[in-house]
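Presented below is the structure to which this report refers.
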Protein chains: 2
Amino acid sequence: MQRKRVTQKDVAAVAGVSTATVMRVLYEQGYVAEETRKVVEEAIQRTGYHVNAVARSLRHQRTTSIGHILHSLVPNPFFAGVALGVEEEASRWGWKLLMISVRDDERRERLGVETFIQQQVDAIIFTTPISEENVQVALDAGIFVVQVERPTTIPTPSVIVDNYTGAIQAMEHLIALGHKRIAYIGIDPELLRAQHHFGRYVEEERLKGYLDSLHKHQIPLNKRFLDLGAHSSFNRTIPLTLSQSLRDMIVHAERPTAIFASTDTLAAHVLQQLHDYRLRVPDDISIISFDDTYAPYLTPPLTTVAQPMMEIGKAAVHLILDHFQEEPSALDAFQQKKLATHLVVRSSTASIL
Amino acid sequence: MQRKRVTQKDVAAVAGVSTATVMRVLYEQGYVAEETRKVVEEAIQRTGYHVNAVARSLRHQRTTSIGHILHSLVPNPFFAGVALGVEEEASRWGWKLLMISVRDDERRERLGVETFIQQQVDAIIFTTPISEENVQVALDAGIFVVQVERPTTIPTPSVIVDNYTGAIQAMEHLIALGHKRIAYIGIDPELLRAQHHFGRYVEEERLKGYLDSLHKHQIPLNKRFLDLGAHSSFNRTIPLTLSQSLRDMIVHAERPTAIFASTDTLAAHVLQQLHDYRLRVPDDISIISFDDTYAPYLTPPLTTVAQPMMEIGKAAVHLILDHFQEEPSALDAFQQKKLATHLVVRSSTASIL
DNA sequence: CTGAAAGCGCTAACAT
DNA sequence: ATGTTAGCGCTTTCAG
């Protein structure tokens, strides 16, 4: 267990050459006599030398590292999925990854940005930015920024998911199965708008997909089948509002034959409630949801619109990689990648008969 | 958007002082005339200066950063939980966090260690080390190492969970409810031993808790009630072996009144199977599990032995913090923190009557 | 084919 | 109260 860090200079001394020669061996460039190469390689082995990336970064004025700012790894597996995608793709290309979770807190997000600036990261990924100002701070420090899923009005490269089409996919599936009385349980976009003052709203697009599908198939909207609660995706508590409005739907003579829940988490709660009401899924009522996080583990396994979580992370990294490529490829500007969802059919949806 | 990075020297130039004075202002130490302080602070503002942590680290020979090597953020939420604990505690104390996921692959783990050595991290956390050699490599580079949950035979500070007592808690709960015919569904420790050649085995301890509880309460072990399959915690596929052996238990005249599943994931699969057999939980059969990851989302919400995932991560960080504290406190050596589980009672277990 | 030396930005000991 | 300077480890001309 060697306490002292061994440097290039040490290697050079042991090999009896200069550091310049050690470099040439390390990066296999320039002329080095076969003889000297041997000696140097041996010295590297013997001393157990590792390049010092800190010194290297200082010299290069490049750290080859990405800072990832996200909300929280739990309980919403969406973030863990994206984080994993970012991590895998970054390390695949030799980039280092710094990560920080901010739990929907603007001040913590700021702290994260400041930390990353000091760390001299080459790029920052906001997996859902919270404050426009913070994005601007990163930009002002000359850092390349990628915004994921809910970009601010500040134009930067970004990655988003096509939630609208995803919702259509869910509806088409239900309608193809003969369902007409389809309920929607989601989060009220108005409420979100009150909290966040910019950008697009995932929930809004899913809702719109629901509404437009009904319209397209000439199914009149039944207000009783619409539950837009204050359900948060950031905590585990079963929203009381859900049990309330769900009961209203259920006890009514003309109850829905299918429910479209806007997230897996919500669907999980719905499943629990239906169980209490002794309603069987999908025999008595079909359920479809969005995300594909908890879906495969539930009973019955849920038919759901899967989000490409890993792909989101990877796409974000690729935007960065592209930017730092030798040929800046001009098209750089404000690339926005829109990723598609796909329907995963499991056992929670059935034909109406 | 300023392209060029501004340095201390720039600030000094703008303020018309030396960098030493800028330093004194930055760190509020030493004498600085009130007048000059003002001027310097203004210059910092105006130029938008941020300290360069890379240069700082090089100078200090300390990066104040932790490298976290874990298996994978998904699908097992255990890792996400630990990772979050590590992240939160690290950033709470001003430490940077590098993270890398290795998917149970020894070579990737090695790569991670090498990367972290080059990055000059001050400490590495292995959330479940894979190879002893890799741990040794980190140690040889003079890095402080913390091993989590499944320490190798190489003695370093570590954090583990008291799985044995956790299993006892589960069993005591079931037995108190009057259950005697209790089945156990878990992973075969022998199989794990074939893959990993060191350390303790989480599954073994849980199994032992089950066995010892039976013994203590003088309940004879029924081999038919023991299912030790090759179920992996790293993938989502429902193990065929599970459905097979579970059916054997269920169809038999004398079936278990309760099942203890060694992980939430396994329990989720069991729930799906029981549903197919039209068995109601907990009316026909009780289920208890271990982890508290998926448990609250399932139907019915599972009674489970919760692992303190966040605490594990935080404890690991504290071991590091303690070590780097001014007063080395002697007791440093090979601290091992053992964390307790706690029983969370929900709706999947009922009295036998 | 190999070596000497400057400098990335910050810090701290030493001057003044 | 403020300034000068050496050097952390690595990279890259430029000489030889």
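Computation of the quantities below employed the complete heavy-atom set of this structure, encompassing side-chain atoms and omitting hydrogens, waters and symmetry-equivalent molecules. Predicted model, so just to flag it, every value in this text is computed and none were measured.
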Have a look at Gln61(A) and say if it touches a base, only the backbone sugar-phosphate, or nothing, with a 4.0 Å heavy-atom cut-off.
sugar-phosphate
Rounded interatomic separation in angstrom, taking NE2 from His60(A) and P from dC8(D)
20 Å
Do you see a donor-acceptor pair shorter than 3.5 Å between the side chains of Gln119(B) and Ser65(B)?
no
What is the nucleic acid contact for Val54(B), judged by heavy atoms within less than 4.0 Å: base, sugar-phosphate only, or nothing?
nothing
Quick one: Arg59(A) CZ to dC10(C) C1', roughly how many Å, whole number?
16 Å
Return the set of residues passing side chain to side chain contact (heavy atoms under 4.5 Å, CB included) with Lys38(A) (not counting sequence neighbours), or none when no residue passes.
Glu34(A)
How would you list, by chain and number, every residue that makes a side chain to side chain donor-acceptor pair (under 3.5 Å) with Glu42(A), sequence neighbours excluded?
none
For atom CD of Gln120(A) and atom P of dC8(C), their distance in whole Å
14 Å
Take the protein atom CZ of Arg62(B) and the nucleotide atom C1' of dG9(D), then report the distance between them rounded to whole Å.
18 Å
Is Tyr27(A) close enough to dT12(D) that one of its side-chain N or O atoms is under 4.0 Å from OP1 or OP2 there?
no
Can you tell me the distance, in whole Å, between the CZ atom of Arg56(A) and the C1' atom of dC8(C)?
14 Å
Rounded to whole Å, how long is the line connecting atom CE of Met23(A) with atom P of dG7(C)?
19 Å
Dump the pairs, protein N or O against N or O of nucleotides 1-3 of chain D, anything under 3.5 Å, distances to one decimal.
| unit_1 | atom_1 | unit_2 | atom_2 | d |
| --- | --- | --- | --- | --- |
| dT2(D) | OP1 | Thr36(B) | OG1 | 2.9 |
| dT2(D) | OP2 | Ala33(B) | N | 2.6 |
| dT2(D) | OP2 | Thr36(B) | OG1 | 3.0 |
| dG3(D) | OP2 | Ser18(B) | N | 2.8 |
| dG3(D) | OP2 | Ser18(B) | OG | 3.2 |
| dG3(D) | OP2 | Thr21(B) | OG1 | 2.9 |
| dG3(D) | N7 | Arg24(B) | NH2 | 2.7 |
| dG3(D) | O6 | Arg24(B) | NH1 | 3.4 |

Non-neighbouring partners of Ala15(B) that pass side chain to side chain contact (heavy atoms under 4.5 Å, CB included), sequence neighbours left out
Val17(B), Val39(B), Val40(B), Ala43(B)
Applying salt bridge (charged side-chain N to carboxylate O under 4.0 Å, His left out), name anything that partners Arg56(B), two or more places apart in sequence or on another chain.
none
Does the plane of the ring in Phe324(A) sit parallel, tilted or perpendicular to the ring in Phe144(A)? Use 30° and 60° as the thresholds.
perpendicular
Just how far, in rounded Å, is P of dT11(D) from CG of Leu26(A)?
8 Å
Nearest whole Å is fine: how far is dA4(C) P from Gln8(A) CD?
14 Å
Quick one: list whatever passes salt bridge (charged side-chain N to carboxylate O under 4.0 Å, His left out) with Glu41(B), sequence neighbours left out.
Arg37(B)
